[in-house]
Amino acid sequence: MRLNTRGWRSARAYPLPAAVGAPASAAPAVRLTPEVSAATAAPYVWPWQNVKWTFAFVAFCVYSVTIITYIAPLGQIAMIAALIGLALGTERVRFPAPLLFFVAYYIWAVAMWPSSNWGIIVKATLLDVGRVVLIFLVAINVLGEKSRLRFYIFLYLAAFALYPVRGAIFNQFIYHAALLGRISWNNMFSNPNDLAALLLSPLGVAAGLLYTERHKYLRTAALVGVALISLIVFLTQSRGGILALAFFGAIVIARQKRRLRMLPALIGVLAVVVLFAPDSVWTRLKNLRTATSSGELLKAEDQGSAEQRFEIWKVAVAISKDHPFTGAGLGAYPYYHWSYARMTMQNFKRTSRGLRDAHSSYLTALAETGVPGLVFWLAVFISAYMYSQRARRIIKHSDPDTERQIFFMQAAMLAFGAAAIFGSWNNIPFPYIHVSLLYSMAYVAIEQQRRAQRTAYAARVA
């Protein structure tokens, strides 16, 4: 097989067809080596081709598109259909470690429900989080097959591109509807901080496609997606989002052995950010750096946001100290916060008063479910990361492209973990869909490796 390099990728992804007019048997055999894996030697297949469709998978796709785009009120119906399809399907239902830890987190919250002073609120939240448990169950099962996983990745990116990403760009540059200069979209993405954090998952997926996809148009689309998401995160002016984006970039650059190969793409992304990010973004970051270095958050000149968040964290810590084991109850934090912030003996500033969110996923889990709940919640992400790390070690030489894709998903999860210091996203589906994607990528990669080993062993025995 001669080299025929296309674009910036190695020619190993493009095996040449047999000569015109020659019989198929005359085509030279492709030797599968660590440099030419089975995945790259196969003819190119578009994401929507040869998908192993199931009723549960189709329903889950409808659900995912619904919660990302809000195009139609079909989320609940689609998830019920997905659960029915999963229960009646022929495939074995799996309960991997991340799902079990989330179930443990939920069971613990249910067990501590009677101890909360706001039982009615906790009951309503438990019903909502129970739905998230079922969504997690469906996602981590239907995505555990290669063709379905690949199709879903493109559907996932397309839904984000056509709605939150497009909508945010239009709001900023066409409708000029930015909130105090901060870009946003609507519904779940109407808060700039939420928009920045929830775009980290598609950022990791898009970055991974730059390595795994062979078609130049899809790679170009992925590169455009990385640039636009990076720009939007800056336009949100979310300190947590920008910190997470910088963390993501640092992880990616530190991992690359051939950093010069990344230089053109990196320069392109930075150029887009510098050219289109308004001065208010840099002013906000500069003011915050000056305020934190001087120790006076009032100097941040961000409408008191930094100072208010710090006071809210102080209230969350106080609630956690008073309820270290049972927690305040799932979903009850804002009401406990309202009560605690009014206590004069605690010397909390008036800026912390009201039905506030904890503005930190870690403090929210700690304050609402106690130390045991926080441990279970963290274990969801840690177990998925460890399993994917194991998969990367197994396939590092046999399937390096997939190994890189898993790495980018890991980096996106770590970046989300950094953003979670500044925002609460414990009880919404998006973080657990990301966990499902990461775990499923690792699961599919390990299963492929095992099948290849069994086939090779059978061939040697024969």
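Residue numbers run from 1 in the order of the sequence given.
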Side chains of [X] and [Y], heavy atoms from C-beta outward: is any pair under 4.5 Å?
X	Y	result
F408	L203	no
S388	R392	no
L245	S230	yes
I394	R390	yes
T369	M112	no
V435	F416	no
Q448	I395	no
V165	L199	yes

| task | Cation-pi check, R94 to Y443: give yes when NZ or CZ is under 6.0 Å from the six-membered ring centre and within 45° of the ring axis, no otherwise. | result |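 Judged by the rule (NZ or CZ under 6.0 Å from the ring centre, within 45° of its axis), R94 counts as positioned above Y443.
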
Nearest 0.5 angstrom please: [X] [atom1] to [Y] [atom2], how far?
X	Y	atom1	atom2	result
L88	L83	CG	CG	10.5 Å
N427	R131	CG	CZ	12.5 Å
F154	L149	CZ	CG	10.5 Å
E368	L366	CD	CG	10.5 Å
D399	I446	CG	CD1	12.0 Å
F430	I433	CZ	CD1	6.0 Å

Okay, side chain of [X], backbone of [Y]: is any donor-acceptor separation there less than 3.5 Å?
X	Y	result
Y106	L126	yes
E145	S147	yes
S360	I421	yes
N141	V93	no

| said: As a quick check of understanding, evaluate side-chain contact (heavy atoms from CB on, under 4.5 Å) for M188 and Y70, giving each step before the final call. | reply: CA-CA 9 Å; M188 185 64 206; Y70 293 90; 3.0 Å; yes

| query | Would a line drawn from the ring center of W108 to the ring center of F325 be shorter than 6.0 Å? | reply |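 Yes - the distance between ring centres of W108 and F325 falls below the 6.0 Å cut-off.
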
| query | Do the ring centers of F151 and W53 come within less than 6.0 Å of each other? | reply |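 For F151 and W53, the ring centres are under 6.0 Å apart.
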
Short side-chain donor-acceptor distance under 3.5 Å, [Y] and [X]:
X	Y	answer
Y156	S201	yes
W185	N171	no
Q449	S398	yes
T212	D401	no

| How are the rings of W46 and H215 set to each other: parallel, tilted or perpendicular (split at 30° and 60°)? |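 Tilted: the ring planes of W46 and H215 meet at 30° to 60°.
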
Please give me the minimum heavy-atom distance between [X] and [Y], naming the atom from each residue.
X	Y	value
L134	M79	O-SD, 4.5 Å
L200	A419	CD1-CB, 4.1 Å
W113	G119	NE1-O, 3.0 Å
H434	M409	NE2-O, 3.2 Å
I135	P429	CD1-CG, 4.1 Å
G144	S440	N-OG, 4.0 Å

| task | Evaluate the criterion side-chain contact (heavy atoms from CB on, under 4.5 Å) for residue pair L209 and Q405; output intermediate values, then yes/no. | result | CA-CA 7 Å; L209 289 183; Q405 187 179 34; 3.9 Å; yes

| task | Apply the test ring-ring contact (aromatic ring centres under 6.0 Å, His included) to residues W313 and Y362: give CA-CA distance (whole Å), side-chain angles for both, the deciding distance (0.1 Å), then the verdict. | result | CA-CA 11 Å; W313 285 353; Y362 306 103; over 10 Å; no

| task | Identify which one of W377, F95, Y432 satisfies the ring pair (Phe, Tyr, Trp, His ring centres under 6.0 Å) criterion when paired with F102. | result |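 For F102, the ring pair (Phe, Tyr, Trp, His ring centres under 6.0 Å) check succeeds only for Y432.
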
| said: Just to verify, which of F136, Y387, Y385, F101 counts as forming a ring pair (Phe, Tyr, Trp, His ring centres under 6.0 Å) with Y439? | reply: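 So, applying the ring pair (Phe, Tyr, Trp, His ring centres under 6.0 Å) to Y439 and each of F136, Y387, Y385, F101, only Y387 qualifies.
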
| With P192, which residues qualify under side chain to side chain contact (heavy atoms under 4.5 Å, CB included), at least two apart? |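 R182, S184, T236.
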
| query | Is there a side-chain contact (heavy atoms from CB on, under 4.5 Å) between Y105 and V133 once you walk through the steps? | reply | CA-CA 10 Å; Y105 166 77; V133 173; over 6 Å; no

| field | side-chain contact (heavy atoms from CB on, under 4.5 Å) evaluation trace for V51 with R148 | value | CA-CA 6 Å; V51 179; R148 293 200 293 263; 4.1 Å; yes

| said: Can you tell me if L355 has over 12 outside heavy atoms packed within less than 6.0 Å of its CG? | reply: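 Check passes, neighbour count above 12.
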
| request: Count the heavy atoms of every other residue, nucleotide or ligand shown that sit under 6.0 Å from CD of Q76, and state whether that count exceeds 12. | output: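 Not buried by this count: 12 neighbours or fewer within 6.0 Å.
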
Please tabulate, one pair per line, all N/O donor-acceptor pairs under 3.5 Å involving side-chain atoms of residues 58-67, not counting sequence neighbours.
unit_1 : atom_1 : unit_2 : atom_2 : d
S64    : OG     : F60    : O      : 3.0
S64    : OG     : Y152   : OH     : 2.7
T66    : OG1    : V62    : O      : 2.7

